[in-house]
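Just so we're on the same page: letters track the sequence lines, and every chain starts at 1. Predicted model, so just to flag it, every value in this text is computed and none were measured.
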Amino acid sequence: ERLIKKELESIKEQVASPNTTMRQMKEIMVRAIYCEMLGYQASFSYIHAIKLAQQGSVLEKRVGYLAVSLFLNETDEFLLLLVNTVLKDLQSTNLIEVCMALTVVSQMFPKDMIPAILPVVEEKLTHPKEIIRRKAVLALYKFYLIAPNQVQHIHSKFRKALCDKDPGVMTASLHIYLQLIKENPESYKDLTGSMVTILRQVVGGKLPLDFNYHSVPAPWLQIQLLRILAYLGKEDQGTSEMMYDVLEESLRRAEMNHNITYAILFECVKTIYTVHPKSQLLEKAAECIGNFVLSPKINLKYLGKIPPYDHHRVSGPL
Amino acid sequence: MIKFLLMVNKQGQTRLSKYYEQVDIEKRPSLETDVVKRCLSRKKEECSFVEYKDFRLVYRQYAALFIVVGISDTENELSIYELVHNFVEVLDKYFSRVKSKLFFLSSQSELDIMFNLDKVHIIIDEIIQNGHIVETNKNRILAPLLALDKMAEAH
């Protein structure tokens, strides 16, 4: 503990010194991050983190933003000081700076300043580079989480993101949609067809190969889609009927011997039990759970014991 | 959702911590020590998911490092378990450009993290935001950091 106190003293001195270069400041920030990680507050360095983000060159700026995201929280007044820097970087010609500004915005942003930044972020939704579009969508997701009424008027833009030709941008929009659909499934039933189509394409291996994880196509995306379908199909026979095929396909395809396919299977089973029941599917799902419970792999046994279903329903059609 | 991600060694020293829910800075060391104690006390035959207070822990061990993720009830444990592995594979891809051995099997990995704390954070920022998984494509996760490195080199 003495060592840390000494380190903090040294940092305090160095950040205050006018001779410290931005490059040095970057190193100092990382050390400050360390101290805080070990439980020792270094609040005197917060303002300097912001300065680093403002004045540093690209990598230094990124570390400045990182330090801010670790030191501060949403309600901190210091965050207001960052807004101008973020605005400037969002409009930079250097795409790396735009990316990092969008990343910071997605992590924390003062609610009251959203109107100031919203138009700039919205503009990025149509940027030629997919990474910028994707990060802009995630920033809007953040805005939706902290101030949903501020983004009411741009729901049509979310739709565009859902249909974006780049799968990364589409995936980003699913975060917003999962939230929207969870809160109000009725208003989004019309998206069922699109969700089913997307899942079918993913499961069918239509994504570029680098979206694979151990030969499984975009597993976390599959899981996200399965969750969305669960909300859409719940207590709604018509909507559920639209998804039975793709659910069956997912069950079938995920029959390889890897943890991640089991994760997909688990989610698929959960969805099958949540939506309007179809006996064939329920049977297959029950078989799946049975295999989990019987498996020698301890992690699978654990999953088999979690009840994703309503007991009442299981005994019915079976 | 993901509440936090920790990389802690067997001695209980935190090598990296990332919180997606507000936890007071003074409370973190004790939470982290407690969490690692729980994971260390697990026998080999027990599964990698632990009930902890009112949420769950998913942990995975790589050499001397434990990676522990705190998750809410609604999260799919096995998908997080594999997310951790995907993350480690990304670290391996990034760091083994300069070293020839496999990152996650070597005891060097702890040092790599300590000496590159900022970079590991930057990588995690690409994968998880607001407690949600936002990117899992390894190339896309690394692209911003690689671009940063390139720009930094040029100066």
(message) Just verifying a value: how many Å separate A/F266 CZ and B/L78 CG, rounded to the nearest 0.5 Å?
(response) 9.0 Å
(message) Could you tell me if the side chain of B/I25 sits less than 4.5 Å from the side chain of A/E36, heavy atoms only?
(response) yes
(request) Test A/H214 against B/E89 for side chain to side chain contact (heavy atoms under 4.5 Å, CB included), laying out the working first. (result) CA-CA 11 Å; A/H214 294 239; B/E89 288 180 341; 2.7 Å; yes
(message) What part of B/Y81 gets within 4.5 angstrom of chain A, counting heavy atoms only: side chain, backbone, both, or neither?
(response) side chain
(request) Find the one option among A/Y213, A/F211, A/Y65 whose heavy-atom pairs under 4.5 Å with chain B are most numerous. (result) A/Y213
(message) Between the side chains of B/D118 and A/R62, is the shortest nitrogen-to-carboxylate-oxygen separation below 4.0 Å, so that they form an ion pair?
(response) no
(request) Look up atom CG in A/L59 and atom CG in B/D149, then write down how far apart they are to the nearest 0.5 Å. (result) 6.5 Å
(request) Answer with side chain, backbone, both or neither: which region of B/N86 has an atom nearer than 4.5 Å to a non-hydrogen atom of chain A? (result) both
(request) Indicate yes or no for a side-chain donor-acceptor contact from A/Y34 to the backbone of B/M114 under 3.5 Å, with no hydrogens or angles considered. (result) yes
(request) Check whether any side-chain heavy atom of B/E77 lies under 4.5 Å from a side-chain heavy atom of A/N299, and answer yes or no. (result) no
(request) Determine whether B/H85 and A/N259 make a side-chain contact, defined as any pair of heavy atoms from C-beta on separated by less than 4.5 Å. (result) no
(request) Please tell me if the side chains of A/V58 and B/L148 come closer than 4.5 Å, counting only heavy atoms from C-beta onward. (result) yes
(request) Take atom NZ of B/K37 as the centre, draw a 6.0 Å sphere, and report whether it contains more than 12 heavy atoms from other residues, nucleotides or ligands. (result) no
(request) Could you tell me how the ring of A/H175 sits relative to the ring of B/H132: parallel (under 30°), tilted (30 to 60°) or perpendicular (over 60°)? (result) tilted
(request) Check whether A/I96 gets within reach of chain B through its side chain, its backbone, both or neither, counting any heavy atom under 4.5 Å. (result) side chain
(request) Drop me the distance from B/H121's NE2 to A/S69's OG, to the nearest 0.5 angstrom. (result) 8.0 Å
(request) For each of A/V63, A/I223, A/L70, tally heavy-atom pairs with chain B at distances under 4.5 Å, and name the one with the top tally. (result) A/L70
(message) Does any backbone or side-chain atom of A/N94 lie under 4.5 Å from a heavy atom of chain B? Answer side chain, backbone, both or neither.
(response) side chain
(request) Name the region of A/L300, side chain, backbone, both or neither, that has any atom closer than 4.5 Å to a heavy atom of chain B. (result) side chain
(message) Which one wins on heavy-atom pair count under 4.5 Å against chain A: B/L145, B/L117, B/T74?
(response) B/L117
(request) Sort A/M108 into side chain, backbone, both or neither according to what part of it lies under 4.5 angstrom from a heavy atom of chain B. (result) neither
(request) Determine the minimum heavy-atom distance between B/S79 and A/A263, stating which atoms define it. (result) N-CB, 3.7 Å
(request) Using a cut-off of under 4.5 Å on heavy-atom pairs, state which of B/R15, B/E135, B/R28, B/K27 scores highest against chain A. (result) B/E135
(request) Taking all heavy atoms of A/S106 and all of B/N130, pick out the closest pair and write down the distance. (result) O-ND2, 2.8 Å
(request) Examine whether an atom of B/S30 lies under 4.5 Å from a heavy atom of chain A, and if so say whether it belongs to the side chain, the backbone or both; otherwise answer neither. (result) neither
(message) For a quick test of reading the model, state the closest non-hydrogen atom pair linking A/M37 to B/T14 and the distance between them.
(response) CE-O, 3.4 Å
(request) Flag yes if more than 12 heavy atoms outside A/Y231 fall under 6.0 Å of its OH atom; otherwise flag no. (result) no
(message) Please determine whether a side-chain nitrogen of the Lys or Arg among B/R140 and A/E130 lies less than 4.0 Å from a carboxylate oxygen of the Asp or Glu.
(response) yes
(request) Return yes when atom CG of A/L294 has more than 12 non-hydrogen atoms of other residues, nucleotides or ligands closer than 6.0 Å, and no otherwise. (result) yes
(message) Strictly distance-based, threshold 3.5 Å: is any side-chain N or O of B/D125 a donor or acceptor partner for the main-chain N or O of A/T103?
(response) no
(request) Considering only heavy atoms, give the residues of residues 131-139 of chain A separated from chain B by less than 4.5 Å, sorted numerically, with 'none' for an empty result. (result) A/I131, A/R134, A/K135, A/L138
(request) Sort A/I260 into side chain, backbone, both or neither according to what part of it lies under 4.5 angstrom from a heavy atom of chain B. (result) both
(request) Look up atom CG in B/N76 and atom CH2 in A/W220, then write down how far apart they are to the nearest 0.5 Å. (result) 11.0 Å
(message) Tell me the closest heavy-atom pair linking A/G39 and B/P29, and the distance in Å.
(response) CA-CG, 3.8 Å
(request) Determine whether A/K142 and B/Q129 make a side-chain contact, defined as any pair of heavy atoms from C-beta on separated by less than 4.5 Å. (result) no
(message) Quick check for you: to the nearest 0.5 Å, what is the distance between A/Q107 atom CD and B/I128 atom CD1?
(response) 11.5 Å
(message) Under 4.5 Å from any heavy atom of chain A, what part of B/L83 do you find: side chain, backbone, both or neither?
(response) both
(message) What part of B/K18 gets within 4.5 angstrom of chain A, counting heavy atoms only: side chain, backbone, both, or neither?
(response) side chain
(request) Would you check if B/Q22 and A/E74 make a side-chain contact, meaning some heavy-atom pair closer than 4.5 Å? (result) no
(message) Does atom CZ (B/F115) have a neighbourhood of more than 12 heavy atoms from anything else shown, all under 6.0 Å?
(response) no
(message) Is B/E32 in contact with chain A via its backbone, its side chain, both, or neither, using a 4.5 Å heavy-atom distance?
(response) side chain
